[in-house]
Amino acid sequence: MPSLSEAYRAHPVHINHKHPDFNSLQELPESYTWTNLDDHTINSNNIMKDSSSNSSVPIIDLSDPNASKLIGHACKTWGVYQVVNHGIPLSLLDDIQWVGQTLFSLPSHQKLKAIRSPDGVTGYGLARISSFFPKLMWSEGFTIVGSPLDHFRQLWPQDYAKYCDIVLQYDETMKKLAEKLMLLMLDSLGITKEDIKWASSKAQFEKACAAMQLNSYPICPDPDRAMGLAPHTDSTFLTILSQSDISGLQVQREGFGWVTVPPLHGGLVVNVGDLFHILSNGLYPSVLHRVLVNRIRQRFSVAYLYGPPSNVEICPHAKLVGPTQPPLYRSVTWNEYLGTKAKHFNKALSSVRLCALINGLFDVNDSNKSSVQVG
Ligand SMILES: C=C1C[C@]23C[C@@]1(O)CC[C@H]2[C@@]12CCC[C@@](C)(C(=O)O1)[C@H]2[C@@H]3C(=O)O
Ligand SMILES: O=C(O)CCC(=O)C(=O)O
Ligand SMILES: [Fe+2]
């Protein structure tokens with residue numbers, strides 16, 4: 001069975017992983033200097049005090065009997081929501097954050113032993129999207145697809161097993177939550193598991209693919225001119241993000257600009273990804289997001305990127321298309337889409353679009369507002 005790693009064999013991503021020891025820098029080097037970062041930023045902590053509660057990312061209690069409806073509304077209007085009462089033990093969220101913190105605290109020479117190869121997917125390195133921007137991002141990452149064993153052995157020759165155990169436990173637990181959220185999102189569109197060929201087969205549904213991304217955003221000497229992670233959408237069905245108690249994540253909302261997603265203790269952020277955008281025929285648009293940095297505390301996050309089995313064709317669902325709603329996207333497998341993304345990045349979604357703009361539906365990736373000027 002093809003795996004996610006295959007996409008990069010055909011589309012290697014060459015990034016110069018030589019980067020400074022972030023902690024030793026007193027000034028922001030020119031190569032990390034971005035401009036126009038603070039245009040239209042809204043801090044939803046302030047907005048929540050306003051009467052316009054629709055200016056902050058929705059928080060949804062998963063034990064609410066109306067959860068599916070609330071999720072549907074959040075996906076349509078925001079493309080992102082936070083969940084509470086999700087059943088993931090706080091201790092597991094702490095454990096996975098600890099793995100990230102411990103990993104990124106290793107000396108550079110040690111981390112470089114587990115570097116991601118240009119045609120590989122697992123390993124340590126700068127953001128894969130770096131190759132699309134002229135400036136560097138103030139962050140480091142570690143991607144895991146499948147077992148992290150080989151790479152963790154390089155990082156921690158003696159005690160790699162305890163780190164592997166936490167990653168495997170997190171993977172298993174998040175998979176169940178991702179399945180639950182996926183079904184709730186489908187339900188909100190009037191689609192059941194049985195309506196989707198691959199999902200209705202237990203064996204196939206369980207073969208859904210996932211990747212894990214550990215991120216670190218070190219303390220920055222000049223945060224107003226630095227970018228932690230540049231604007232992007234995830235290629236997934238959905239991404240579940242555990243952010244530490246430090247803010248930095250922002251999502252773009254049409255008419256509102258960049259909105260900060262405030263950290264919520266024990267809460268998890270859920271992003272709509274490009275494949276759900278396709279499956280929903282653009283009804284639930286994938287959300288453009290970015291990460292800003294700060295000069296006070298290092299920030300860590302863990303993204304669980306959930307998608308279909310890598311070789312299953314995803315297309316606008318039959319229940320959502322008809323004579324007045326033609327399918328807006330051609331069918332694509334996750335593997336193929338990752339290859340397209342590696343080549344076209346934020347234009348990937350448009351590159352699989354069949355029709356021109358209809359009924360005001362658009363790809364967030366095409367929005368001029370999403371572009372950040374650098375230099
Ligand atoms: C399955 C995947 C999604 C991802 C590329 C990857 O192969 C593994 C890392 C993922 C990630 C995380 C950071 C943002 C992102 C755009 C990137 O460059 O690597 C996503 C990719 C994606 O969703 O397209
Ligand atoms: O660190 C964050 O808050 C977001 C990370 C992210 O967008 C990703 O890993 O895809
Ligand atoms: Fe992301």
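Atoms within each ligand, like the ligands themselves, are counted from 1 in listed order. This structure is a prediction, so every number in the text was calculated from the model and none was measured.
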What part of W334, side chain from CB on, backbone N/CA/C/O, both or neither, has a heavy atom under 4.0 Å from ligand 1? side chain

Test of understanding: clusters of I, L, V, M, F, W, Y form through side-chain heavy atoms closer than 4.5 Å, transitively. Do L149 and I144 belong to the same one? yes

One finds that the ligand 1 atoms under 4.0 Å from a non-hydrogen atom of I129 are 16 (C), 18 (O)

Nearest non-hydrogen protein atom, atom 6 (C) of ligand 2: L229 CD2, 3.5 Å

For atom 17 (C) of ligand 1, tell me which residue out of R128, R116, K341 has the closest non-hydrogen atom. R128

Report, in ascending order of atom number, the atoms of ligand 2 lying under 4.0 Å from any heavy atom of V291. 1 (O), 2 (C), 3 (O), 4 (C)

Going by the order shown, which atoms of ligand 1 are within less than 4.0 Å of some heavy atom of D234? 23 (O)

Judged by atom type as modelled, is there a donor-acceptor pair below 3.5 Å linking the side chain of R116 to the main-chain atoms of G141? no

Honestly, for D234 the part within reach of ligand 2 (heavy atoms, under 4.0 Å) is side chain

Atom indices of ligand 2 within 4.0 angstrom of Q213 heavy atoms, with elements: 9 (O)

Atom 6 (C) of ligand 1 protein-contacted (non-hydrogen atom, under 4.0 angstrom): yes

Closest by any non-hydrogen atom to atom 1 (C) of ligand 1: pick that one out of S139, G120, G307, A211. A211

Polar atom proximity, Y217 to ligand 2 (N or O, under 3.5 Å): yes

Under 4.0 Å from one or more heavy atoms of V121, ligand 1 contributes atoms 7 (O)

Is atom 21 (C) of ligand 1 touching the protein, meaning some protein heavy atom lies under 4.0 Å away? no

Can you tell which of L288, T233, T239 makes a side-chain contact (heavy atoms from CB on, under 4.5 Å) with N271? T239

Less than 4.0 Å between a side-chain N and a carboxylate O, is that true for K176 and E172? no

Ring-ring centroid check H277 Y329, cutoff 6.0 Å: yes

Within ligand 2, which atoms have a heavy atom of A303 less than 4.0 Å away? 9 (O)

Does a side-chain heavy-atom distance below 4.5 Å link Q252 with H289? no

Ligand-side contact atoms (ligand 1) for residue partner T143, heavy atom cut-off under 4.0 Å: 8 (C), 9 (C)

Taking only Lys NZ, Arg NE, NH1 and NH2, and the carboxylate oxygens of Asp or Glu, determine whether D159 and K162 approach each other closer than 4.0 Å. yes

Using only atom types and a distance under 3.5 Å, with no angle test, would you say the side chain of Q243 pairs donor to acceptor with the backbone of V261? yes

Evaluate whether atom CZ of R297 has more than 12 neighbouring non-hydrogen atoms of other residues, nucleotides or ligands under 6.0 angstrom away. no

Check: of R299, R290, Q243, min heavy-atom distance to atom 3 (O) of ligand 2 comes from R299

Is E140 reaching over with its side chain to a backbone N or O of P218, donor-acceptor style, under 3.5 angstrom? no

Check: Y163 ring centre within less than 6.0 Å of W98 ring centre: yes

Tell me which one of Q213, M212, H232 gets a heavy atom nearest to atom 12 (C) of ligand 1. Q213

With the Fe ion (ligand 3) as the reference point, give the N/O/S atom of D234 that is nearest. OD1

For atom 24 (O) of ligand 1, closest protein heavy-atom neighbour: S235 OG, 3.1 Å

Using atom types as modelled and distance alone, determine if a side-chain donor or acceptor of D64 lies under 3.5 Å from a backbone N or O of D61. no

Hey, does I196 have a side-chain heavy atom less than 4.5 Å from the side chain of F205? no

Using the ring of W34 (Phe, Tyr or Trp, six-membered ring only), decide whether R225 places NZ or CZ under 6.0 Å from its centre and within 45 degrees of its axis. no

Note the single closest protein heavy atom to atom 5 (C) of ligand 2, along with its residue, its atom name and the distance in Å. N215 ND2, 3.4 Å

Atoms of ligand 2 under 4.0 Å from any heavy atom of S301, numbered from 1 in the order shown, are 1 (O), 2 (C)

Vertex the Fe ion (ligand 3): angle to NE2 of H232 and NE2 of H289, to 10°? 90°

Any atoms of ligand 2 less than 4.0 Å from a non-hydrogen atom of L241? List them with their elements. 2 (C), 3 (O), 4 (C), 5 (C)

Give the atoms of ligand 2, by number and element, whose distance to some non-hydrogen atom of H289 is under 4.0 Å. 7 (O)

Identify the closest protein heavy atom to atom 10 (C) of ligand 1: which residue and atom is it, and at what distance? L305 CD1, 3.8 Å

Does a side chain donor of either T192 or D195 reach within less than 3.5 Å of an acceptor in the other side chain? yes

